[in-house]
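Input: a single structure, listed below in structure tokens.
Residue numbers start from 1 in every chain, and the chains themselves are labelled A, B, ... in the order their sequence lines are given, proteins ahead of strands.
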Amino acid sequence: MTTELKLHNSLTRQKEVFEPLNAGYVGLYVCGPTVYSDVHLGNCRTFTSFDIIYRYLQYKGYKVRYVRNITDVGHLTDEGEDKMSKGARLAQLEPMEVAQKYTNGFHAMMAAFNNLPPNIEPRATGHIIEQIEMVQTILANGFAYEVNGSVYFDVEAFNARQNNDYGKLSGRRIDELLAESRELKSQDEKRSPTDFAIWMKAGEDHILRWNSPWGEGFPGWHLECSAMSTKYLGEAFDIHGGGNDLKFPHHENEIAQNVGSCGCGGARYWLHTNMLLMNGRKMSKSDGNTITPQQLFTGDSEHVSDSYSPMVLRFFMLQTHYRSTMDLTDAALQAAKKGYQRLMEAWASLGSLQATGGAQNGTVGKEMQTALAEAYAEMDDDFNTPKALAKVFELVSRINALKGGQLSLAEVNASTLQAVRTGLGTLLFDIFGLKEEGADAGAGQETLSKVMDLVLDLRAQARAEKNFAMSDKLRDALNAAGIVVKDGKDGAEWSVG
RNA sequence: GGUUGGGUGGCCGAGUGGCUAGGCACAGGUCUGCAAAACCUGCUACGGCGGUUCGAAUCCGCUCUCAACCUCCA
């Protein structure tokens, strides 16, 4: 079954058939983190969503250039202090030390979630020249003005000359923005509250500073994405992604900068992931409604009753569509943990199934082929992982029934079995990016396996002699050691956890 | 106040004019020495009020309500 890839374009608020600018190639830009503190769980959700999108595009045969930036300058706090500088001041480190520390942490966390690294991971501080050039171009085009060493984007001038397009991504209108703009501090230099800085003069105590035609300063927050996406993907490219909260003002201003500098709008498809909530509310450090990935991994938090591994969390994320808010609750995580285990056990069972029938495929075999094809088709529909997963679970119950004998293996021919193994494996591991946890324990695993063979052999002997006191004692002791024994019709099985 | 998107069974979460989403939980059953697992069956819902339609959770209007954004945020 082959279907066309459709995706929801935030620009048009519609699902559209995806057609790349250059056949066979995809340029994908995703707004990365500002590296001034530990990576937030919400970041993990967004980047995992785009990881699956990246993986799926590759599966579809596209040669993808995936660019995800690191913002290490320009992002100011409410007080107007650069986030990097603030982190450095508090920890008594060089700003670049702060950036490196949290970049390293970010990479480690991405690896824990089994997210593939992007092809290019440009840093804002590594592209000061490109940003200065873009400011110059925007100035030359008459969409910005300089005041006291700072350069501001002139939103109203831009809007007047661009068909009132400013705000089209987020649905905002300038007059409404003006009417509602609140009293903001230190914005006297701006001609209008909607204008935004593309270059800022550095104050005397500002550490991060570069020479520019306007004196020493630093680039505005939104500029790096425009400059770097243009540099690596071109003035027009295919897909731009990011969190929903970046739609306004970040992405809106990015578009304005792109149009203002080259007359073209950058990305043709905008994809936005939705927010991660906890217990129905946005995660927020200030009111205690927050949890770190690390706390989830260890279970060390008042918000959870158990520990949840990165793959359980990934599975949990797969159960929600990327454009929906996702509510993190302990009960939902418990459900995900069990669901993930059931899925992985079925995957292991699939490997042990042996076709017994002839070349003809029975009903069960056909149902399995259909379910698998439908799972893939769901991915074509705006990367609908929850629906694809639902189809996968239709396969899971067939696999379990075949293994348990409730369904006959004579109903499934060898080629179907092989096709399901290949197709499901690709979907689960290459596209969903799941992996079997604990399976890579290495040499210790092999030793344990041999010991377990011995123990289960002894236990089987005890059971054959109806020495149930002994067999139960063995099972209880193994349980206490974290090993679960399950008696099946073809002998006992065991698993860790 | 404005913008954007929601309100679905015990919980999470898809769907979007007629056809069982799925996961978890719960109850009954099959299997089993017991247990666990697995399988089968059941619980069959769409915020409220109107309207369109042969038919609406799905479309339209009104209303209540939640979240995010508008101020740093993935």
Side-chain angles (χ1 to χ4, degrees), chain A residues 10 13 30-34 36-37 39-50 75-80 83 167 169-173 175-177 179-185 221 241-250 252 272-277 280-285 315-316 318-321 323-343 345-346 349 378 384-394 396-407 463 466-468 471-472 475-476 479 484-489 492-493 495:
Chain A
S10 300
R13 297 180 178 78
V30 174
C31 285
T34 302
Y36 67 102
S37 68
V39 61
H40 180 95
L41 193 60
N43 290 274
C44 297
R45 194 238 170 151
T46 291
F47 299 134
T48 301
S49 293
F50 282 109
H75 213 150
L76 305 184
T77 65
D78 283 346
E79 292 74 40
K83 287 194 171 189
L169 177 67
S170 56
R172 278 161 173 83
R173 300 215 339 251
D175 46 357
E176 286 166 353
L177 287 168
E180 284 306 317
S181 79
R182 304 176 189 186
E183 291 178 33
L184 299 167
K185 19 186 182 324
W221 170 38
N244 209 210
D245 51 349
L246 292 180
K247 238 189 214 173
F248 189 89
H250 184 63
E252 204 67 75
H272 287 98
T273 59
N274 217 136
M275 296 294 98
L276 175 65
L277 311 178
R281 301 200 57 80
K282 188 189 178 186
M283 283 199 187
S284 161
K285 281 180 189 169
F315 177 87
F316 178 60
L318 284 163
Q319 284 187 301
T320 306
H321 188 89
R323 287 197 296 116
S324 298
T325 52
M326 189 169 91
D327 193 11
L328 193 86
T329 62
D330 190 55
L333 288 168
Q334 276 294 317
K337 187 170 190 168
K338 292 190 178 161
Y340 169 71
Q341 281 167 353
R342 185 159 165 246
L343 177 60
E345 281 173 24
S349 300
E378 293 298 351
N384 197 329
T385 56
K387 265 195 115 175
L389 207 52
K391 294 297 175 187
V392 165
F393 272 96
E394 288 182 15
V396 165
S397 47
R398 299 287 188 299
I399 291 165
N400 286 333
L402 287 169
K403 188 191 174 211
Q406 292 92 349
L407 290 176
R463 293 180 71 205
K466 301 215 182 290
N467 184 355
F468 297 122
S471 71
D472 287 353
R475 184 173 63 197
D476 292 345
N479 254 323
V484 181
V485 177
K486 289 179 264 192
D487 292 317
K489 67 185 171 78
E493 290 180 350
S495 59

Checking U3(B), A74(B), A21(B) against the side chain of Asn43(A) (C-beta onward), the nearest is A74(B)
Per atom distances to the Lys387(A) side chain, the nearest of A74(B), A21(B), G33(B) is A21(B)
d(Arg45(A) CZ, Asn274(A) CG) to nearest 0.5 Å is 6.5 Å
### Task
Remember a base hit wins even if backbone is also touched, and classify Val392(A) as base, sugar-phosphate or nothing at under 4.0 Å, heavy atoms.
nothing
(message) Taking any heavy-atom pair under 4.0 Å as a contact, classify His321(A): base, sugar-phosphate, or nothing.
(response) sugar-phosphate
- In terms of heavy-atom contacts, does CZ of Arg323(A) have more than 12 from other residues, nucleotides or ligands at under 6.0 Å? yes
Contact under 4.0 Å: Asn400(A) side-chain N or O vs C39(B) OP1/OP2
yes
Exercise for review: Quote, to the nearest angstrom, the P distance that separates U58(B) from C43(B).
Suggested key: 23 Å
Hits for salt bridge (Lys or Arg N to Asp or Glu O under 4.0 Å) against Arg463(A), two or more places apart or cross-chain, chain-then-number order -> Asp487(A)
The side-chain hydrogen bond (donor to acceptor under 3.5 Å, both in side chains) partners of Thr385(A) (sequence neighbours excluded) come to none
Those residues at least two apart in sequence (or on a different chain) that pass salt bridge (Lys or Arg N to Asp or Glu O under 4.0 Å) with Lys338(A) are none
In whole angstroms, the gap separating C1' of G13(B) from CG of Leu277(A) amounts to 13 Å
From the candidates A21(B), G33(B), C70(B), the one with an atom nearest any side-chain atom of Pro386(A) is A21(B)
When His250(A), Glu252(A), His272(A), Lys247(A) are each screened for side-chain hydrogen bond (donor to acceptor under 3.5 Å, both in side chains) with Ser170(A), the one that passes is Glu252(A)
Among the nucleotides G33(B), A21(B), A25(B), whichever has the atom closest to the side chain of Lys338(A) is A25(B)
Using a 4.0 Å heavy-atom cut-off, does Gly32(A) contact any base of the nucleic acid, only the sugar-phosphate backbone, or nothing at all? sugar-phosphate
Heavy-atom closest pair (Ala332(A) atom, Asp327(A) atom, distance to 0.1 Å) is CB-O, 4.4 Å
Quiz prompt | Whole-Å C1' distance, G23(B) and C19(B) | solution = 22 Å
Quiz item: Under 4.0 angstrom, heavy atoms only, what part of the nucleic acid is Arg173(A) near: base, sugar-phosphate, or nothing?
Solution: nothing
Nearest-angstrom distance, P atom, G47(B) to A37(B) = 34 Å
Measuring only the P atom in each nucleotide, how far is G50(B) from C40(B)? A whole number of Å is fine.
41 Å
### Task
Report which part of the nucleic acid Leu276(A) touches: base, sugar-phosphate, or nothing (heavy-atom distance under 4.0 Å, all strands).
base
Rounded to whole Å, CG of Asn244(A) lies from C1' of U4(B) at a distance of 7 Å
Quick check on A38(B): is either OP1 or OP2 less than 4.0 Å from any side-chain nitrogen or oxygen of Arg342(A)? yes
Per nearest nucleotide of RNA chain B, the residue lying toward the 5' end, His250(A) or Arg463(A), is Arg463(A)
Residues at least two apart in sequence or cross-chain that pass ring pair (Phe, Tyr, Trp, His ring centres under 6.0 Å) with His321(A), listed by chain then number, are none
Taken in chain and number order and not counting sequence neighbours, the residues that satisfy salt bridge (Lys or Arg N to Asp or Glu O under 4.0 Å) with Asp476(A) are none
- prompt: If the C1' atom of C31(B) is compared with that of A56(B), how far apart are they to the nearest Å?
  reply: 44 Å
Residues passing the ring pair (Phe, Tyr, Trp, His ring centres under 6.0 Å) test with Tyr340(A), sequence neighbours excluded, are none
Arg475(A) has its side chain closest, among G2(B), A35(B), A21(B), to A35(B)
For nucleotides 6-12 of chain B, 5' to 3', base contacts (B), sugar-phosphate-only contacts (S) and non-contacts (-) with protein non-hydrogen atoms under 4.0 Å give ------S
Are any protein N/O atoms closer than 3.5 Å to N/O atoms in nucleotides 26-31 of chain B? If there are, list each pair with its distance.
none

request  = Quick one: label Lys466(A) by what it contacts on the DNA or RNA (base, sugar-phosphate, nothing), any heavy atom closer than 4.0 Å.
outcome  = nothing
Separation of G5(B) atom P from His272(A) atom NE2, nearest Å, is 12 Å
Hey, does Gly243(A) reach any base, or is it just sugar-phosphate, or nothing, if we go heavy atoms under 4.0 Å? sugar-phosphate
Of the candidates C70(B), A74(B), G33(B), the side chain of Phe468(A) sits closest to G33(B)
With a non-hydrogen cut-off below 4.0 angstrom, is Ser397(A) in contact with a base, only sugar-phosphate, or nothing?
sugar-phosphate
By salt bridge (Lys or Arg N to Asp or Glu O under 4.0 Å), Arg398(A) pairs with (sequence neighbours left out) Glu367(A)
Has the side chain of Asn384(A) got a donor or acceptor atom sitting under 3.5 Å from an opposite partner on the base of G15(B)? no
| task | Determine, answering yes or no, if Phe393(A) is stacked on G23(B) under the 5.5 Å centre rule and the 30° plane rule. | result | no
Rounded to whole Å, CE of Met275(A) lies from C1' of G13(B) at a distance of 18 Å
Of Gly404(A) and Phe315(A), the one whose nearest nucleotide on RNA chain B sits closer to the 5' end is Phe315(A)
Practice task
Pick the C1' atom in A14(B) and in A21(B), then give their distance to the nearest Å.
Solution key: 6 Å
For RNA chain B, consecutive-pair runs of 3 or more (Watson-Crick or G-U wobble, both H-bond-type distances under 3.5 Å) give B:1-7 with B:64-70, B:10-12 with B:22-24, B:26-30 with B:38-42, B:47-51 with B:59-63
Checking G33(B), A74(B), A14(B) against the side chain of Ser324(A) (C-beta onward), the nearest is A14(B)
Is there, by distance only and without an angle test, a donor paired with an acceptor across the side chain of Asp487(A) and the base of C34(B) below 3.5 Å? yes
In whole angstroms, the gap separating P of C24(B) from CD of Gln334(A) amounts to 12 Å
With the side chain counted from C-beta on, respond yes when Leu328(A) and Leu41(A) share a heavy-atom pair under 4.5 Å apart, and no when they do not.
-> yes
Worksheet item: Any side-chain heavy-atom pair from Thr325(A) and Leu276(A) closer than 4.5 angstrom?
Response: no
side-chain contact (heavy atoms from CB on, under 4.5 Å) filter on Arg342(A), not counting sequence neighbours, yields Phe393(A), Val396(A), Ser397(A), Asn400(A)
- prompt: Mind checking the C1' distance from A57(B) to G48(B)? Whole angstroms is fine.
  reply: 14 Å
Asp476(A) atom CG is separated from C34(B) atom C1', nearest whole Å, by 11 Å
Sorted by chain and number, sequence neighbours left out, side-chain contact (heavy atoms from CB on, under 4.5 Å) with Lys403(A) holds for Ser349(A), Leu353(A), Glu493(A)
(message) Please classify the nucleic acid contact of Arg45(A) as base, sugar-phosphate, or nothing, using heavy-atom distances under 4.0 Å.
(response) nothing
Check: Contact class for Gly242(A) (heavy atom, under 4.0 Å): base, sugar-phosphate, or nothing?
Finding: sugar-phosphate
Handout entry: Distance, P atom - from A27(B) to G10(B), rounded to whole angstrom
Key = 16 Å
